[in-house]
Structures are given as C-alpha cells and as structure tokens.
Student: 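Before we start, here is the structure in question, set down as structure tokens.
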Amino acid sequence: MPIAPPPLSQDLLEWYDRHARTLPWRVPPQARAAGIMPDPYRVWLSEIMLQQTTVATVKSYFARFVNRWPGVTDLAEAPEAEVLGAWAGLGYYARARNLHACARTVATEHGGAFPTTAATLRALPGIGEYTSAAIAAIAFDEPAAVVDGNVERVVSRLFAIETPLPAGKKEIRIRTGELTPDLRPGDFAQAMMDLGATICTPTRPGCILCPIRPHCRAAAEGRPEVFPVKKPKAEVPSRRGAAFVAIRPGDGAVWLRKRATTGMLGGMSEPPSSNWNARSDGELGTTAAPFPAGWQACGTVLHGFTHFKLALDVYRADIEHDPPGAGWWSPPEAWDGEALPTLMRKVLAAAAPATR
DNA sequence: CATACGTGGGG
DNA sequence: TCCCCAAGTAT
C-alpha cells in the first residue's frame with residue numbers, strides 16, 4: 001500500500017515553522033501554536049503600509065505609528081494632518097487618508113474592534129480583495145485565499161499558468177483557494193508570502209531550497225523565471241512644472257499650502273507650484289508664479305512617479321510679508337513633522353540648501 | 001478591464 | 001541610466 005505524499009500546505013508549513021521571517025507585526029508560528037494571536041490593529045496597519053511597499057521601508061514607519069498611536073481608537077482620535085505628516089515619504093497617500101477614515105469607522109461603528117471576517121473587512125476604506133483576506137487569515141485564521149504579488153508568482157509557477165496578468169489572476173485566486181488549508185490558514189498565507197519574498201523570487205529563484213519544489217510544474221519544466229507572464233506596460237510620459245519657495249529671511253521659514261484632497265499627493269503639503277503639464281513647452285519660467293516676487297531659479301528637480309516623469313523647476317524668493325492665499329510659514333525645524341512628500345522635500349533642499 | 005496613484009532599492 | 005518591482009485599492 002503506497003503512502004500518499006504530504007500535501008503542499010503541509011510541506012510549506014513545516015518549512016515556515018523553521019524559516020519564518022521575524023517581523024514586528026508578526027506572531028511567530030510557535031507562539032500561534034500556543035494560542036497567541038496577533039493584534040488585529042497591528043495586522044491591519046502593517047498590511048496597509050505594505051501595499052506596494054517593501055518590508056524594509058515599512059519597518060520604521062510601523063514602529064513610529066504604533067508608538068504614537070498604540071490602538072485603533074488612538075489613531076481615530078488623531079487629526080488627519082498628523083497622520084499624513086507621519087505617513088509622509090511612504091507614498092500612495094490615499095492609503096493614509098483611507099487609513100484614518102478606516103480607523104474612525106472602526107472606532108465609531110464597530111466599537112473599536114475590527115470586524116473578524118474577510119467579507120466585513122472588505123467594506124472598510126482602503127481594504128480591498130487582498131487586504132481583507134490577509135487580515136481575516138492572519139488575525140482570525142479564516143481560510144481565505146490571500147493573493148498578493150508574491151502569491152501570484154508562486155502559484156503561477158506551481159501551475160505554469162500561461163495567461164498573462166492581470167487576466168490570470170482569476171485562475172490564481174481559484175488555485176490559491178484550493179491550496180489553502182482549514183488548519184493554520186494564517187500561517188499558510190504568511191508562509192506563501194515569505195516563500196515568494198525569499199526563495200521564489202522574481203529573478204533567479206532558489207528552487208534548490210524550495211520546500212514545495214516537488215509540487216511545482218514550472219520548476220519541473222526548468223523555466224520558473226518565465227512566470228508570472230505579464231502584459232507589457234505602457235511607457236511613461238514626461239511632464240514639467242514649477243515650484244515657488246517663498247522664504248522668510250528672519251528664520252528661514254518657507255510658505256506652505258495644502259494640496260487638493262484628491263489627485264496626486266492629495267491632502268499633502270507643498271510650496272506653491274504650478275500644474276504639471278506635458279513637457280513639450282520647455283521651462284515655464286516665473287509666469288506661473290503664485291504672486292510676484294524676486295524669483296530666482298535654483299535648479300530643476302527630477303522625480304519619477306509610477307505613470308509619468310516630472311521635471312520641476314524650482315524658484316526661490318525672500319518674502320517679508322505673508323503671501324496671498326491660504327497657507328502657513330514652516331521653519332526648517334518643523335519640516336520633519338510636515339506632510340511633505342519626498343518630491344517636495346527635494347524641492348526644499350534645492351531652494352534652501354543652507355538650512356538643511 | 002484600464003488607469004491613477006509614490007517611493008526607494010536592486011540588477 | 002533605466003527598468004523592475006514591493007503584503008494593492010479605488011474608480
């Protein structure tokens with residue numbers, strides 16, 4: 001009587017028991033086995049931060065957030081401007097606005113406790129298909145299909161899925177659901193992601209070290225790197241604009257204003273800047289200045305976004321009186337706490353290098 | 001289904 | 001320098 005080989009999930013979980021990454025928001029498998037479950041607030045916060053963002057980048061932000069706002073109610077009570085200020089530099093700022101809105105919803109409509117199922121989590125702002133499944137699995141051990149970029153890669157290789165992403169995602173989700181065990185689904189989800197992050201990597205995957213290689217069709221065919229097949233991406237256009245840094249001579253404070261709530265860098269702070277237009281027209285010059293002053297050119301900041309490249313001409317001027325329009329003076333020692341995106345920090349560095 | 005939406009690190 | 005990509009979501 002032949003003995004059935006272990007299922008994929010068992011092989012993976014045994015590997016995870018020995019090789020799980022140690023992460024600030026994670027309860028290790030041995031502790032989970034002893035009945036310790038993670039704080040849903042920390043799971044949620046980490047998942048939002050990790051959307052399209054590397055673990056290395058997230059760690060310091062996560063530490064600052066949980067130190068400053070230990071629970072979801074603390075975060076809900078914070079002014080949005082403070083949350084945006086703490087998020088500055090992480091990118092995708094809609095995440096921060098949704099994070100705050102979600103905290104307030106949990107505090108006011110759920111009594112300060114996160115919903116416990118993927119379906120109910122899915123209704124909260126900033127929580128989509130992936131994040132709802134991840135929180136449900138990791139914080140509440142619901143056997144939900146958790147499909148992030150790592151899992152897309154692992155599963156597309158396991159089954160040698162030829163359908164290019166994003167169309168192939170449907171089949172990947174179905175396959176992931178079939179692989180997900182009823183026992184330890186939270187560890188299984190984290191194990192899949194750890195495997196994708198450390199062994200089943202985009203280039204040069206370490207198939208020799210892979211605990212589920214015997215289950216993998218792409219490895220058997222000797223072509224793991226061709227998966228996942230992806231649709232070619234469009235080329236990114238260029239845009240150009242101008243930023244105007246008004247400086248108060250006395251203390252070196254700069255004049256900032258708040259950007260529109262929606263759109264690029266929504267809700268974040270900036271020195272007044274023009275619209276960013278298609279780059280055919282060359283330098284805008286001071287015609288786009290928000291008010292007349294002795295504007296002096298001080299270089300061009302280049303910044304790459306996901307869907308376009310930006311060249312931002314920077315001008316500076318010493319201003320004694322308050323400029324027209326809404327805004328505030330921000331001295332250099334206050335810049336750390338301002339909701340300044342990285343682009344705008346580059347602008348300030350170009351305009352006021354002496355104060356940095 | 002396609003597009004908008006940041007940033008930093010690695011090859 | 002440039003391209004890819006990293007625990008995606010909203011519209």
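The analysis underlying the following values was restricted to heavy atoms, covering all of them including side chains, and did not include hydrogens, waters or symmetry mates. All chains are named by letter (A, B, ...) in the order of the sequence lines, taking the proteins before the strands, and each is independently numbered beginning at 1. A quick note: this is a predicted structure, and the numbers were derived from the prediction, not measured.
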Student: Take atom C1' in dG11(B) and the same atom in dA7(C), then report the distance between them in whole Å.
Tutor: 22 Å
Student: Quick test: give all pairs of protein nitrogen or oxygen and nucleotides 1-4 of chain B nitrogen or oxygen below 3.5 Å, distance rounded to 0.1 Å.
Tutor:
unit_1	atom_1	unit_2	atom_2	d
dA2(B)	OP1	Lys231(A)	NZ	2.3
dA2(B)	OP2	Lys231(A)	NZ	3.1

Student: Between Thr131(A) and dT9(C), is there a contact of a side-chain N or O with OP1 or OP2 at under 4.0 Å?
Tutor: yes
Student: If you check every side-chain atom of Arg122(A), which of dG6(B), dA10(C), dA6(C) has the closest atom?
Tutor: dA10(C)
Student: Is there a ring pair (Phe, Tyr, Trp, His ring centres under 6.0 Å) between Phe305(A) and His303(A) once you walk through the steps?
Tutor: CA-CA 7 Å; Phe305(A) 291 109; His303(A) 194 74; 4.8 Å; yes
Student: Does dG8(C) have OP1 or OP2 under 4.0 Å away from a side-chain N or O of Lys169(A)?
Tutor: no
Student: Should we count CD1 of Ile174(A) as having more than 12 external heavy atoms under 6.0 Å?
Tutor: yes
Student: For the side chain of Tyr130(A), counting heavy atoms from C-beta on, which of dG8(C), dC5(C), dG6(B) is nearest?
Tutor: dG8(C)
Student: Calculate the interatomic distance between Met268(A) atom CE and dT7(B) atom P; express it in whole Å.
Tutor: 8 Å
Student: Rounded to the nearest Å, what distance is computed from the CD atom of residue Glu225(A) to the P atom of nucleotide dC5(C)?
Tutor: 13 Å
Student: Would you say the side-chain atoms of Trp69(A) and Glu82(A) include a donor-acceptor pair closer than 3.5 Å?
Tutor: no
Student: In whole Å, what is the span from the CD atom of Glu235(A) to the P atom of dT1(C)?
Tutor: 19 Å
Student: What is the distance, rounded to the nearest whole Å, between atom CZ of Phe308(A) and atom P of dC5(B)?
Tutor: 7 Å
Student: Figure out the CH2/P separation between Trp87(A) and dC5(B), and round it to whole Å.
Tutor: 17 Å
Student: So, is Thr54(A) near the phosphate of dC5(C), with a side-chain N or O under 4.0 Å from OP1 or OP2?
Tutor: no
Student: Side chains of Thr117(A) and Glu142(A): closer than 4.5 Å at any heavy-atom pair?
Tutor: yes
Student: NA contact type, Arg153(A), heavy-atom cut-off 4.0 Å: base, sugar-phosphate, or nothing?
Tutor: sugar-phosphate
Student: DNA chain C: Val236(A) or Trp25(A), which has the more 5' nearest nucleotide?
Tutor: Val236(A)
Student: If only side-chain N and O atoms of Tyr92(A) are considered, is one of them under 4.0 Å from the OP1 or OP2 phosphate oxygen of dA6(C)?
Tutor: no
Student: What contact category does Gln190(A) fall into here, base, sugar-phosphate, or nothing, at under 4.0 angstrom with non-hydrogen atoms?
Tutor: nothing
Student: Please tell me which of the listed nucleotides, dA7(C), dA6(C), dG8(B), lies nearest to the side chain of Thr342(A)?
Tutor: dG8(B)
Student: Determine the Euclidean distance between corresponding P atoms of dA6(C) and dC5(B); express it in Å to zero decimal places.
Tutor: 22 Å
Student: Kindly say if His303(A) contacts the phosphate of dG6(B), meaning a side-chain N or O under 4.0 Å from OP1 or OP2.
Tutor: no
Student: Could you tell me whether the side chain of Thr53(A) has a donor or acceptor atom within less than 3.5 Å of a complementary atom in the base of dG6(B)?
Tutor: yes
Student: Please determine if a side-chain N or O atom of Thr306(A) lies less than 4.0 Å away from the OP1 or OP2 oxygen of dG6(B).
Tutor: no
Student: Across the strands shown, which category fits Leu23(A) at heavy-atom distances under 4.0 angstrom: base, sugar-phosphate, nothing?
Tutor: base
Student: Can you tell me the distance, in whole Å, between the NZ atom of Lys309(A) and the P atom of dC5(B)?
Tutor: 17 Å
Student: Let me check something: any side-chain donor-acceptor pairs from residues 129-137 of chain A under 3.5 Å, sequence neighbours excluded? List them with distances.
Tutor:
unit_1	atom_1	unit_2	atom_2	d
Glu129(A)	OE2	Arg122(A)	NE	3.0
Tyr130(A)	OH	Glu47(A)	OE1	2.7
Thr131(A)	OG1	Gln51(A)	NE2	3.0
Ser132(A)	OG	Gly128(A)	O	2.7
Ser132(A)	OG	Glu129(A)	O	3.1

Student: Below 3.5 Å, does any donor atom in the side chain of Arg97(A) face an acceptor in the base of dA10(C), or the other way round?
Tutor: no
Student: Looking only at non-hydrogen atoms, find the nearest pair between Pro38(A) and Ile138(A) and report the distance.
Tutor: CG-O, 3.5 Å
Student: What does Gly196(A) touch in the nucleic acid at a heavy-atom separation under 4.0 angstrom: a base, only the sugar-phosphate, or nothing?
Tutor: nothing
Student: Are Leu84(A) and Arg97(A) side-chain neighbours, meaning at least one heavy-atom pair lies under 4.5 Å?
Tutor: yes
Student: For the rings on Phe65(A) and Phe62(A), is their centre-to-centre separation under 6.0 Å?
Tutor: no
Student: Among Arg217(A), Arg223(A), Arg157(A), find the residue that satisfies the salt bridge (charged side-chain N to carboxylate O under 4.0 Å, His left out) test when tested with Glu162(A).
Tutor: Arg223(A)
Student: Work out how far the C1' atom of dC5(C) is from that of dG6(B), and round it to whole angstrom.
Tutor: 13 Å
Student: Between dA7(C) atom P and Met49(A) atom CE, what is the distance in whole Å?
Tutor: 16 Å
Student: By the 4.0 Å heavy-atom rule, please label Leu90(A) as base, sugar-phosphate, or nothing.
Tutor: base
Student: Run the ring-centre check on Trp87(A) versus Tyr61(A) and record whether the distance is less than 6.0 Å.
Tutor: no
Student: Is the phosphate of dG8(C) approached by Gln51(A) (side-chain N or O, under 4.0 Å from OP1 or OP2)?
Tutor: no
Student: More 5' along DNA chain B: Thr203(A) or Gln52(A), using each one's nearest nucleotide?
Tutor: Gln52(A)
Student: What's the OH-C1' distance between Tyr93(A) and dG8(C), to the nearest Å?
Tutor: 16 Å
Student: With a 4.0 Å cutoff (strictly under), does any side-chain N or O of Arg345(A) reach OP1 or OP2 of dT7(B)?
Tutor: no
